[in-house]
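Structure first, then comments.
Here the structure is a predicted model, which means the values were calculated and not measured.
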Amino acid sequence: MTLDEYQKQAMSTAIYPTDKAIIYPALGLCGEAGEVAEKIKKTIRDANAVFDIERRKAIALEIGDVLWYAAALARDIDINLDEIAAMNLKKLESRRSRMQLHGEGDDR
């Protein structure tokens with residue numbers, strides 16, 4: 001499955017007010033990313049940082065929710081996920097080729 005195929009199928013479940021496009025999925029993306037972090041934090045606290053199969057699956061399900069919101073946000077800005085993935089790889093390759101993977105900021 002490509003990212004675009006995922007995006008198309010996932011958007012059949014996108015139910016939110018059209019006047020809240022961009023805002024709604026951006027907030028959801030932040031919330032779901034926080035849930036990923038919470039699963040990891042609780043694994044550190046409660047399981048001595050042992051990521052057994054059940055904990056990994058729980059994290060994967062939250063990552064799936066992150067992906068859903070990313071797909072919705074991408075749709076709302078009218079850029080498909082395959083294109084976003086390609087843009088990201090191009091940016092990272094540029095940073096790598098210039099030895100700028102470390103550090104901070106968007107303009108590295």
Side-chain angles (χ1 to χ4, degrees):
M1 170 179 286
T2 68
L3 290 171
D4 283 352
E5 290 168 343
Y6 169 83
Q7 186 176 22
K8 183 177 179 179
Q9 288 182 32
M11 292 307 91
S12 70
T13 64
I15 302 169
Y16 54 90
T18 56
D19 67 330
K20 301 297 187 256
I22 298 174
I23 297 165
Y24 182 89
L27 293 173
L29 180 60
C30 292
E32 293 300 338
E35 290 187 32
V36 171
E38 280 293 310
K39 296 278 187 200
I40 293 167
K41 179 195 79 175
K42 289 178 180 177
T43 299
I44 292 167
R45 182 191 68 197
D46 299 339
N48 200 30
V50 174
F51 292 89
D52 61 20
I53 190 66
E54 291 82 20
R55 291 180 188 279
R56 289 172 187 261
K57 284 183 181 179
I59 292 167
L61 288 171
E62 296 301 338
I63 293 170
D65 292 340
V66 168
L67 182 59
W68 187 95
Y69 279 105
L73 182 55
R75 179 196 63 177
D76 288 353
I77 64 169
D78 200 29
I79 303 176
N80 63 50
L81 283 179
D82 279 343
E83 186 176 352
I84 289 172
M87 291 165 56
N88 182 254
L89 289 175
K90 183 177 179 181
K91 176 184 77 174
L92 293 172
E93 176 55 30
S94 172
R95 287 180 180 172
R96 187 194 63 74
S97 69
R98 293 178 290 111
M99 307 286 284
Q100 294 295 318
L101 287 172
H102 297 285
E104 297 181 23
D106 290 338
D107 295 327
R108 330 183 233 145

Determine the interplanar angle of the Trp68 and Tyr16 rings, folded into 0 to 90°, and report it as parallel if under 30°, tilted if 30 to 60°, perpendicular if over 60°.
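Answer is perpendicular, since the angle exceeds 60°.
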Test: Glu93 and Arg96 ion pair at under 4.0 Å:
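Salt bridge present between Glu93 and Arg96.
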[X], [Y]: one ILVMFWY side-chain cluster at the under-4.5 Å cut-off?
| X | Y | value |
| --- | --- | --- |
| Met1 | Ile63 | yes |
| Ile77 | Tyr6 | yes |
| Leu67 | Ile79 | yes |

About how many Å separate [atom2] of [Y] and [atom1] of [X], when rounded to the nearest 0.5 Å?
| X | Y | atom1 | atom2 | result |
| --- | --- | --- | --- | --- |
| Met87 | Leu81 | CE | CG | 11.5 Å |
| Asn80 | Thr2 | CG | OG1 | 8.5 Å |
| Glu38 | Glu62 | CD | CD | 10.0 Å |
| Asp52 | Lys57 | CG | NZ | 10.5 Å |
| Asp78 | Ile22 | CG | CD1 | 10.0 Å |
| Phe51 | Ile40 | CZ | CD1 | 5.5 Å |

Would the distance check show the side chain of Asp76 and the main-chain N or O of Ala21 forming a donor-acceptor pair, the cut-off being under 3.5 Å?
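No: the side chain of Asp76 does not pair with the backbone of Ala21.
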For Ser94, is there any backbone N or O sitting under 3.5 Å from a side-chain donor or acceptor partner on Arg98?
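Confirmed, Arg98 side chain pairs with Ser94 backbone.
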Report yes if some heavy atom in the side chain of Leu3 is under 4.5 Å from a heavy atom in the side chain of Gln7; otherwise report no.
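No, every pair of side-chain atoms sits at 4.5 Å or beyond.
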For Leu29 and Leu73, work out which heavy atoms get closest and say how close.
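Distance-wise, the nearest heavy atoms are CD2-CD2, 4.2 Å.
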Give the minimum heavy-atom separation between Met11 and Ala72, together with the two atoms involved.
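Scanning both residues completely, I find the closest heavy atoms to be SD-CA, 3.5 Å.
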Is there a salt bridge (charged side-chain N to carboxylate O under 4.0 Å, His left out) between Glu5 and Lys8 once you walk through the steps?
CA-CA 5 Å; Glu5 290 168 343; Lys8 183 177 179 179; over 6 Å; no
